Every structure is written in structure tokens, then in C-alpha cells.
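Below is one structure, written out as C-alpha cells; comments come after it.
Both ligands and their constituent atoms are indexed starting at 1 by order of listing. This one's a predicted model, so the numbers in the text were calculated from it and none came from an experiment.
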Amino acid sequence: MAHEYDAINLSQGFPNFAPDPKLIELVTHAMEAGYNQYAPLGGIYSLREVISEKIESLYGRTYHPENEITVTVGATQAIYTAIAALVWPGDEVIVFKPAYDCYEPAIKAQGGVPVLLQLQGTDFSIDWNSFSNAIGPKTRMVIINTPHNPSGEVMTAKEMLKLQSALEGTDIVVLSDEVYEHLVFDGELHQSVSRYEDLSNRSLVCASFGKTFHVTGWKMGYCAAPKYLMDEFKKIHEFTVFCTNHPMQRALATYLKNPEHYLGLSDFFQRKRDLFLGGLKESRFTFTPSKGTYFQLLNFSAISDESDIVFSERLTKEMGVASIPISVFNKHLEDHSLLRFCFAKTDDTLQKAVEILCKI
Ligand SMILES: Cc1ncc(COP(=O)(O)O)c(C=O)c1O
């Protein structure tokens, strides 16, 4: 619809600005240097090594590059492969709603059963009683996502510890979608499962270079997990993908060596969030500033009592700003008059969108 109505597209989660030219140069250089044939199954060793060092320095857990890290076709493939490797027909998988859209189809494709738990309140927190009640003999996996798409919330250390203790004594596996790990605002720290020993021993972490380096079209990511889980993961990876884009792996292995390339991202995107929200103070939308990701929710209940789908369609067609209605991510399509806007856009695009949104 954004295309059809020539609207400013703040709906999908991708930047409308260029990645670092140095990264592109590194890919070109790798192609010219002849890295144009298959890479090893798990990814080139130097990339796995630098991923391992990054995780260890940020979160304190060591994943062995030899057998605990696999480079994937974006986080989407890591997520699908983890589910295909570990979920069997009849297994239950707990998914917190609103949820990113690729989890449930992957679970169903394996004959698994998604058990949907709605996050509660304006801060989208986990209802721990419902969570404990949802755990049963068939529970195979829990999927978490922090920083969280679409809400922009982040899990706290306290919540991670609660999750860790709620799973104690079970053999439940955690799939931790951490694609926005480098986009956490206001001085908070990303709570990776890798910070928590018991949790990380049962977790597969899925990450995305596309999200981190403004190159979503490259579809490069990775999965990190203890060997016993990674062994299963690789059984599917070998015969569905085998290996990912080789020259891009070479480029990322070099680029990732400089932590400045990812440690500055929180400030970069926080400034964009603040630019967007600063302008919207004059509008009739209400909001809580996003704590992570590059998404911001806006509540339009002071403007219209239409459904979020109808309102967002009208916003696209009549006003020229495209967003995503949150009900589509919710259990029973619950509608709380919320729209998701992506602020990974140039300042100019954000300012134009703000001007329109302030007139509504
Ligand atoms: C929460 C979440 N997980 C996974 C993905 C997919 O990441 P990738 O593009 O690396 O496959 C996205 C993309 O929007 C996302 O928002």
C-alpha cells in the first residue's frame, strides 16, 4: 500500500539509508580476491571466531567457534532451522504475543503446537503465572525476543532470572531472538540469554547482521548455542542451506573486528527515536519511548475509535504515512489502538512523517 499510495513507508523494518561504504568495499575486495565458491558448512572460521569473541566480551559466555556457532541466511533461517531441528509433531512451543511473524508458521510446519501467551499492559510484560501454567509435559521450546518487535520493550535482568528459574528442572529449550541486541536505549544493557549460565545452556541465540549493519537485503546472520543443540541445528542446516554467501562472510569477519561498528548503534538510533518523538509532542498521538529496536508504537485512541487496521489503512491512503497495526501480531487479534512505526529512516524522512502526523 505504501507503494500504491506513494506514502512515506515507516511500516517495514529496514533502513532507507546506505550502509557503511567500508563494508561494501570489503565485499567487493573479497570477490576480487577470489572468494566466490562455497564456504565451509558452519561459516568461515575467522567469522565464527570474531562472533565468539564479540559474544564473550559483551555477555561473558564462550561459544566455541568450531562447533557452537553457525553462520546463517539471516536470523529468519536461524530461527526456522532451530525450530525444524528441535520441534517434533505434537511438541508445544510457547510464544509471547505480540510476536514477530515467522515463529508460528515454522512451528506448525513441524507439526508442533504454538501455545500463545499475550504480553500484559502497556509495558508488554510476561504474566509469570500464565507462563508457569502453560508449561507441561509436551512443552519443548520457549521463544523469547528482546529487544522486542513490535513493542520496542526490552527484557530486564529480573525477568531473565525469573525465566531461568521457571525453567529449572525441565528440559525445555529456549530460542532467543536477539536481532536487535545492539539497539538498546537510555543506557540500559541488552539482556542476552548468554549472560545467564543455566539459560544459555538450554538456548539457541539467533542474530542478524542485516539489522546490525543496515544491510537487511544481504540476509546474513548466525546462531550460537551449546554443542549438543548446535549438533542438531547443523543436521538441518547442512541439507537446506549448507553454507551462506562467502564474500560477505569475508567482509563481515574483518568489519566485526572493530567494536565501534556496533557499539555506537544504540546512540545512533536513540537520536533518531528522539527526533521522531520530539516532533510528535505536538501531535495527538500518545506514546512511551521505545526502549530498544528501531520501532516506536503510537497510540491513536485520542484521534479515532476505528480499528487499528482501518486507521492505518486510512493513514496510508489519505495522509501518506504507512505503519503496521499491532493487532496483527496479537493473540485473538487484540486491538489496543496501537500502530508500529519504523524510525530507521533518514532524518529528512522522519521530519516529513512527523509533519503529517502532527496534522492529524
Ligand atoms: C524480531 C525479528 N526477528 C528476526 C527478523 C529477521 O531477521 P533477518 O532479516 O536477519 O532474517 C526480524 C526482521 O524484521 C525481526 O524483527
How about [X] and [Y]: are their ring centres within less than 6.0 Å of each other?
{"X": "His214", "Y": "Phe17", "value": "yes"}
{"X": "Phe276", "Y": "Phe287", "value": "no"}
{"X": "Tyr294", "Y": "Tyr180", "value": "yes"}
{"X": "His182", "Y": "Phe269", "value": "no"}

| Listed partners of Tyr196 passing ring-ring contact (aromatic ring centres under 6.0 Å, His included), at least two apart |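 Expected list: none.
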| Charged N-O contact under 4.0 Å between Glu188 and Lys291 |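 So Glu188 does not pair with Lys291 through a salt bridge.
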| query | Asp177 near ligand 1, heavy-atom distance under 4.0 Å? | reply |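 Yes, that is the case, since the closest heavy atom of the residue is under 4.0 Å from the ligand.
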| query | Does some non-hydrogen atom of Phe209 fall short of 4.0 Å from ligand 1? | reply |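 Flag not set, Phe209 not near ligand 1.
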Part of [X] within contact of ligand 1 (heavy atoms, under 4.0 Å):
{"X": "Gln77", "answer": "neither"}
{"X": "Asn145", "answer": "side chain"}
{"X": "Thr76", "answer": "both"}

| said: Suppose we measure from atom 12 (C) of ligand 1 to each protein heavy atom; which comes out shortest, and what is that distance? | reply: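 Protein heavy atom at minimum distance: Tyr100 CZ, 3.3 Å.
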Please tabulate, for the side chains in residues 28-43, all donor-acceptor contacts under 3.5 angstrom to protein atoms that are two or more places apart in sequence or on a different chain.
from  : atom 1 : to    : atom 2 : distance (Å)
Thr28 : OG1    : Ile24 : O      : 3.0
Asn36 : ND2    : Met31 : O      : 2.9

Ligand-side contact atoms (ligand 1) for residue partner [X], heavy atom cut-off under 4.0 Å:
{"X": "Val179", "answer": "1 (C), 2 (C), 3 (N), 4 (C), 15 (C)"}
{"X": "Lys211", "answer": "12 (C), 13 (C), 14 (O)"}
{"X": "Gly74", "answer": "10 (O), 11 (O)"}

Using distance alone, determine whether [X] and ligand 1 share an N or O pair under 3.5 Å.
{"X": "Asn149", "result": "yes"}
{"X": "Ala75", "result": "yes"}
{"X": "Ser208", "result": "yes"}

| request: Give a yes or no on whether the backbone of Val71 and the side-chain of Arg48 come within a donor-acceptor separation of less than 3.5 Å. | output: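 Checked: no pair found.
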| Selection from Lys219, Met220, Glu178 by shortest heavy-atom distance to atom 8 (P) of ligand 1 |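 Going through Lys219, Met220, Glu178 one by one, Lys219 has the nearest heavy atom to atom 8 (P) of ligand 1.
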| message | Below 30° counts as parallel, above 60° as perpendicular, anything between as tilted: where do the rings of Phe341 and Phe285 land? | response |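 Perpendicular, since the angle between the ring planes exceeds 60°.
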